[in-house]
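All figures in this text were calculated on a predicted structure; none of them were measured in a lab. No hydrogens, no waters, no symmetry mates; every other heavy atom, side chains included, goes into these values. Along the sequence shown, residues carry numbers from 1.
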Amino acid sequence: MKLLALAATGVAVAALGSALAFASPARADELPTFDFTECPAPPATADPGTWRCEAFVSQGKLTIDGYEIPLGEVRLTFSEGRIDGQYAQAFGALRHAPARVPGLPGTTIQLRYGGFSDFQSNDERRGELDIYAVLRNPLLGNDCSIGTAAKPLHTVVHDDPAVPPKVISQNPVTAYRGVIDPDLALPATQGCGPLGKLVDRRLGLPSPSGENTFEQTSYVQYKPL
């Protein structure tokens with residue numbers, strides 16, 4: 001499952017302002033509320049004045065072989081800067097409220113952080129993140145998931161050409177962009193009990209790379225630390 005959301009710029013604020021097309025400022029009531037409370041503080045060895053927090057508010061959709069699951073809002077925070085002149089980063093939090101799974105009455109899906117992230121973008125991808133997805137239904141028990149904390153899904157996201165990046169505010173710096181992962185492979189569910197195979201059939205799992213996509217549009221705001 002490729003996220004989210006995920007999809008950090010990994011460039012300096014000044015570079016962001018020059019690299020993205022500037023758009024007319026959005027009204028305050030059009031922007032989400034950004035939460036920086038879970039931003040990791042710069043480490044004691046951080047180069048002074050180089051660290052900032054990035055807070056993402058995203059809307060995502062997971063498509064499994066043509067079967068669409070709207071994920072709703074996903075929030076992500078991380079901090080980045082330099083230590084001894086070298087790029088460094090620290091993950092903050094991934095927050096996702098359970099979203100209804102179409103076609104499975106009473107079932108929700110919730111993304112959780114899988115323990116690895118790399119938001120330093122390059123020419124090949126926007127960022128990487130390990131996640132897993134918890135499925136909840138009274139008939140599925142408490143351990144039903146796609147991927148697990150021990151064996152998470154490794155996500156790699158790229159810029160979505162259908163949603164080009166743009167800066168919508170310079171003070172504070174706020175941007176909007178889309179990311180996509182068309183190469184996601186999804187395993188069968190785990191820990192879902194006797195109904196696990198039924199859930200797999202309904203969701204089309206397992207599903208190989210090339211049959212699935214994760215699309216996400218994100219507002220991101222930057223705060224110096």
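- When the salt bridge (Lys or Arg N to Asp or Glu O under 4.0 Å) test is applied to Glu73, the partners found at least two apart in sequence or on another chain are Arg75.
- For Val134, the side-chain contact (heavy atoms from CB on, under 4.5 Å) test picks out Arg112, Tyr132, Arg136, with sequence neighbours left out.
- Put simply, the side chain of Thr155 reaches to within 4.5 Å of the side chain of Ile131, judged on heavy atoms.
- Here CG of Leu135 is found 10.5 Å from CD of Gln110. Values are rounded to the nearest 0.5 Å.
- Expressed to the nearest 0.5 Å, how far CG of Leu76 lies from CG of Leu111 amounts to 10.5 Å.
- No close placement of the Phe91 and Phe78 rings is indicated, their centers lying 6.0 Å or farther apart.
- The two residues Leu203 and Ile64 come nearest to each other via the heavy atoms O-CG2, 3.2 Å.
- Between the Gln89 side chain and the Phe119 main chain, a donor and an acceptor come within less than 3.5 Å of each other.
- Under the 3.5 Å distance criterion, the side-chain polar atoms of Asp47 are left unmatched by any main-chain donor or acceptor of Gly49.
- Counted by atom type alone, Gln221 and Thr174 present one or more donor-acceptor pairs between their side chains at under 3.5 Å.
- Shown here are the side-chain contact (heavy atoms from CB on, under 4.5 Å) partners of Leu198, two or more places apart in sequence or in another chain: Arg201.
- Atom CG of residue Leu205 and atom CD1 of residue Ile146 lie 5.0 Å apart, to the nearest 0.5 angstrom.
- Between the side chain of Thr77 and the backbone N or O of Ala93 there is at least one donor-acceptor pair closer than 3.5 Å.
- Nearest heavy atom pair, residue Pro152 against residue Gly114, reads CG-O, 3.7 Å.
- Cluster membership for Leu225 and Phe36, using ILVMFWY side-chain heavy atoms within less than 4.5 angstrom, is not shared.
- The main-chain N or O of Pro172 is found under 3.5 Å from a side-chain atom of Ser169 such that the two form a donor-acceptor pair.
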| task | Please test Asp183 against Val156 for side chain to side chain contact (heavy atoms under 4.5 Å, CB included), starting from the C-alpha separation and ending with a verdict. | result | CA-CA 8 Å; Asp183 301 316; Val156 181; over 6 Å; no

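- Counting only N and O atoms by type, the side chains of Gln216 and Ser58 include a donor and acceptor under 3.5 Å apart.
- Val173 is not connected to Trp51 by any chain of hydrophobic side-chain contacts under 4.5 Å among Ile, Leu, Val, Met, Phe, Trp and Tyr, and they are in different clusters.
- Heavy atoms only, all atoms of each residue included: Pro187 and Ala185 are closest at CD-O, 4.1 Å.
- Side-chain contact between Tyr176 and Val167 is absent, with no heavy-atom pair separated by less than 4.5 Å.
- Within the model, atoms SG of Cys192 and CG of Asn142 stand 11.5 Å from one another, a figure rounded to the nearest 0.5 Å.
- Looking only at distances, no side-chain donor or acceptor of Asp200 sits under 3.5 Å from a matching main-chain atom of Ala188.
- You'll find the side chain of Tyr113 stays beyond 4.5 Å of the side chain of Asp130, heavy atoms only.
- Residues satisfying the side-chain contact (heavy atoms from CB on, under 4.5 Å) test with Asn122, not counting sequence neighbours, are Glu124, Arg125.
- No donor-acceptor pair closer than 3.5 Å links the side chain of Thr108 to the backbone N or O of Arg100.
- Here OG of Ser145 is found 11.0 Å from CG of Leu140. Values are rounded to the nearest 0.5 Å.
- Residues His158 and Pro182 have side chains in contact (heavy-atom distance under 4.5 Å, counting atoms from C-beta outward).
- A distance of 4.5 Å separates CD in Glu80 from CZ in Arg52, rounded to the nearest 0.5 Å.
- Looking at His96, its side chain never comes within 3.5 Å of a backbone N or O of Ala133 through a donor-acceptor pair.
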| Stepwise, does the side chain to side chain contact (heavy atoms under 4.5 Å, CB included) test hold for Thr45 with Asp84? | CA-CA 8 Å; Thr45 54; Asp84 294 331; 5.9 Å; no

| request: Could you walk me through whether Leu186 and Leu153 pass the side chain to side chain contact (heavy atoms under 4.5 Å, CB included) test, one step at a time? | output: CA-CA 8 Å; Leu186 295 172; Leu153 310 171; 4.0 Å; yes

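- Counting only distance, with no hydrogens or angles, the side chain of Thr63 and the backbone of Gly66 share no donor-acceptor pair below 3.5 Å.
- Residue pairs meeting the disulfide bond (SG atoms under 2.5 Å apart) criterion with at least one partner in residues 69-107, sequence neighbours excluded, are absent.
- Placement of Phe116 and Val179 in two distinct hydrophobic clusters is found when ILVMFWY residues are connected by side-chain heavy-atom separations under 4.5 Å, directly or transitively.
- Side chains of Val157 and Ile180 form no contact here, defined as non-hydrogen atoms less than 4.5 Å apart.
- For the pair Gly106 and Pro138, the tightest heavy-atom approach, listed with the atom from each and the gap, is O-CD, 4.3 Å.
- The minimum heavy-atom distance linking Ile83 with Ala88 is given by the pair CD1-CB, 3.9 Å.
- Taking both residues in full, the closest heavy atoms of Glu30 and Tyr219 are given as O-OH, 4.2 Å, listed atom of the first, atom of the second, then distance.
- A donor-acceptor contact closer than 3.5 angstrom is absent between the side chains of Asp65 and Ser207.
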| said: Quick one, Phe56 with Val74, criterion side chain to side chain contact (heavy atoms under 4.5 Å, CB included). Give me CA distance, side-chain angles, the key distance, then yes/no. | reply: CA-CA 8 Å; Phe56 287 79; Val74 180; over 6 Å; no

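- Using a 4.5 Å heavy-atom cutoff, the side chains of Gln190 and Thr148 are in contact.
- Screening residues 152-162 for salt bridge (charged side-chain N to carboxylate O under 4.0 Å, His left out), with sequence neighbours left out, gives Arg126-Asp159, Asp159-Arg177.
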